[in-house]
Amino acid sequence: LLNSSDKAKRLEAAKALGASKSPAIKSMLIERMKGETESDVKSALELSLRSVEASLAWGERIGAIFSGVSLGSILLLVALGLAITYGLMGVINMAHGELMMIGAYATYVMQGIFQKYMPEAAFGWYLVAAIPVSFLASALVGAVLERGVIRFLYGRPLETLLATWGISLMLQQLVRSIFGAQNVGVENPGWMSGGFTMLSNVTLPWNRICIIVFAALVLLAMGWLIGRTRLGLFVRGVTQNRPIASCMGVNTARIDTYAFALGSGIAGLAGCALSQIGNVG
């Protein structure tokens with residue numbers, strides 16, 4: 001009807017299409033406006049086009065907010081790990097990003113193991129297995145880093161900053177030597193593919209929804225660990241007053257290692273999550 005030779009039908013169609021919320025209708029209205037000669041029909045087309053664009057704008061806003069929240073949830077995990085190490089030991093860890101990188105590559109390795117050694121039907125569960133592996137891989141590197149380097153630099157923030165920056169370069173080169181300089185792809189499991197269609201121009205991908213839920217669960221687990229467990233009690237005690245905690249029998253050196261490994265492991269979880277929305281490199 002929009003392309004009818006009858007002016008009245010074109011006018012009626014132009015008005016009716018203003019209620020649409022489809023990107024395809026927006027394209028159709030723009031295309032029709034180029035060939036329309038009647039001023040009143042053209043005005044109706046412009047009015048409908050503005051109405052459709054206003055409806056689509058809300059979808060674009062929702063999509064942008066959702067993308068921001070999903071990326072922000074990964075940054076939340078990164079910041080959570082940094083907060084533990086800095087809050088407890090006052091260490092500015094410049095290698096924290098590389099610990100996240102280790103978690104992402106651990107996820108890639110688990111994908112390869114499942115592809116090579118596990119039945120095809122089990123491939124979708126590689127990510128579940130990668131969560132503890134990425135945590136442990138980064139936590140182990142963090143523990144070695146704390147025991148081997150940072151322990152000797154407490155109370156000297158500038159030197160810890162320089163030392164961890166140097167370690168970050170070493171870790172980057174190590175990964176380049178093992179995996180190569182090119183990005184490697186990590187596939188989404190079948191149950192994380194696709195998305196939830198919220199509006200005509202807004203589809204919320206399941207992988208990003210899962211990342212937001214995962215970040216929330218990790219945050220709750222950390223709240224429980226710090227607030228309800230013996231390790232959390234020791235961490236809080238050492239953070240608040242290290243000398244008194246030591247006098248009460250707390251092995252502060254061991255708590256430092258545990259806390260640094262914990263913060264590093266959370267960075268590994270962030271890397272695992274990040275691998276699901278882009279290539280690893």
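Just so you know, these numbers come straight off a predicted model, no measurement behind them. Because only heavy atoms are used, hydrogens play no part in the values below, and waters and symmetry mates are left out as well, while side chains stay in.
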With a 6.0 Å cut-off (strictly less than), is the heavy-atom count around [atom1] of [X], excluding the residue itself, greater than 12?
| X | atom1 | answer |
| --- | --- | --- |
| Tyr108 | OH | no |
| Glu12 | CD | no |
| Phe179 | CZ | yes |
| Tyr154 | OH | yes |
| Gln173 | CD | yes |

Is there a donor-acceptor pair under 3.5 Å between the side chain of [X] and the backbone N or O of [Y]?
| X | Y | value |
| --- | --- | --- |
| Ser20 | Leu17 | no |
| Ser138 | Gly265 | no |
| Arg254 | Val250 | no |
| Ser168 | Trp165 | yes |
| Ser51 | Leu47 | no |
| Ser70 | Ser67 | yes |
| His96 | Ser264 | no |
| Ser48 | Ala14 | yes |

Looking only at non-hydrogen atoms, find the nearest pair between [X] and [Y] and report the distance.
| X | Y | value |
| --- | --- | --- |
| Ser134 | Thr107 | CB-OG1, 4.2 Å |
| Ile266 | Leu77 | CG2-O, 3.2 Å |
| Val202 | Gly59 | CG2-O, 2.9 Å |
| Ile84 | Ala259 | CG2-O, 3.6 Å |
| Leu161 | Met94 | O-CG, 3.6 Å |
| Thr239 | Val235 | OG1-O, 2.7 Å |

Checklist entry - After noting the C-alpha distance and the side-chain angles of Ile150 and Phe260, does the key distance pass the side chain to side chain contact (heavy atoms under 4.5 Å, CB included) rule? => result CA-CA 10 Å; Ile150 293 173; Phe260 202 91; 3.3 Å; yes
Item to check | Plane angle bin for Phe196 and Trp206 - parallel if under 30°, tilted between 30 and 60°, otherwise perpendicular | outcome: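 Rings of Trp206 and Phe196: tilted, 30 to 60°.
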Checklist entry - After noting the C-alpha distance and the side-chain angles of Gln111 and Glu187, does the key distance pass the side chain to side chain donor-acceptor pair (under 3.5 Å) rule? => result CA-CA 8 Å; Gln111 174 190 256; Glu187 297 178 31; 5.4 Å; no
Next on the checklist: Does either side chain, that of Arg147 or that of Thr257, offer a donor lying less than 3.5 Å from an acceptor on the other one?
Outcome noted: yes
Are [X] and [Y] connected, step by step, through hydrophobic side chains (Ile, Leu, Val, Met, Phe, Trp, Tyr) whose heavy atoms are closer than 4.5 Å?
| X | Y | answer |
| --- | --- | --- |
| Phe123 | Val184 | yes |
| Val141 | Met100 | no |
| Leu262 | Val238 | yes |
| Leu174 | Val149 | yes |
| Leu153 | Leu145 | yes |

Look up atom [atom1] in [X] and atom [atom2] in [Y], then write down how far apart they are to the nearest 0.5 Å.
| X | Y | atom1 | atom2 | answer |
| --- | --- | --- | --- | --- |
| Ile131 | Leu136 | CD1 | CG | 12.0 Å |
| Leu171 | Glu98 | CG | CD | 6.0 Å |
| Met118 | Met110 | CE | CE | 8.0 Å |
| Glu53 | Glu60 | CD | CD | 9.0 Å |
| Leu49 | Glu46 | CG | CD | 8.0 Å |
| Phe214 | Ile74 | CZ | CD1 | 10.0 Å |

Item to check | Trace of the side chain to side chain contact (heavy atoms under 4.5 Å, CB included) decision for Leu1 with Arg10 | outcome: CA-CA 6 Å; Leu1 291 174; Arg10 292 203 308 276; over 6 Å; no
Checklist entry - Looking at Leu231, Ile226, Leu233, which one forms a side chain to side chain contact (heavy atoms under 4.5 Å, CB included) with Thr229? => result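 That would be Leu231; it is the only one of Leu231, Ile226, Leu233 passing the side chain to side chain contact (heavy atoms under 4.5 Å, CB included) with Thr229.
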Find out whether [X] and [Y] are in side-chain contact, i.e. whether some heavy atom of one side chain is under 4.5 Å from a heavy atom of the other.
| X | Y | answer |
| --- | --- | --- |
| Tyr86 | Val91 | no |
| Asn93 | Leu99 | yes |
| Asn251 | Phe234 | no |

Item to check | Derivation of the side chain to side chain contact (heavy atoms under 4.5 Å, CB included) call for Arg208 and Leu71 | outcome: CA-CA 8 Å; Arg208 289 180 178 266; Leu71 286 173; 4.0 Å; yes
Considering only distance and modelled atom types, tabulate donor-acceptor pairs under 3.5 Å from the side chains of residues 269-281, sequence neighbours left out.
unit_1 : atom_1 : unit_2 : atom_2 : d
Ser275 : OG     : Cys272 : O      : 2.6
Gln276 : OE1    : Asn188 : ND2    : 2.8
Gln276 : NE2    : Tyr126 : OH     : 3.3

Please tabulate, for side-chain N and O atoms in residues 216-225, each donor-acceptor pair with protein atoms closer than 3.5 Å (sequence neighbours left out).
none

Item to check | side chain to side chain contact (heavy atoms under 4.5 Å, CB included) assessment of Phe66 paired with Ile209 | outcome: CA-CA 9 Å; Phe66 178 76; Ile209 292 173; 3.5 Å; yes
Item to check | Residues Asp256 and Arg242 bridged, charged N to O under 4.0 Å | outcome: yes
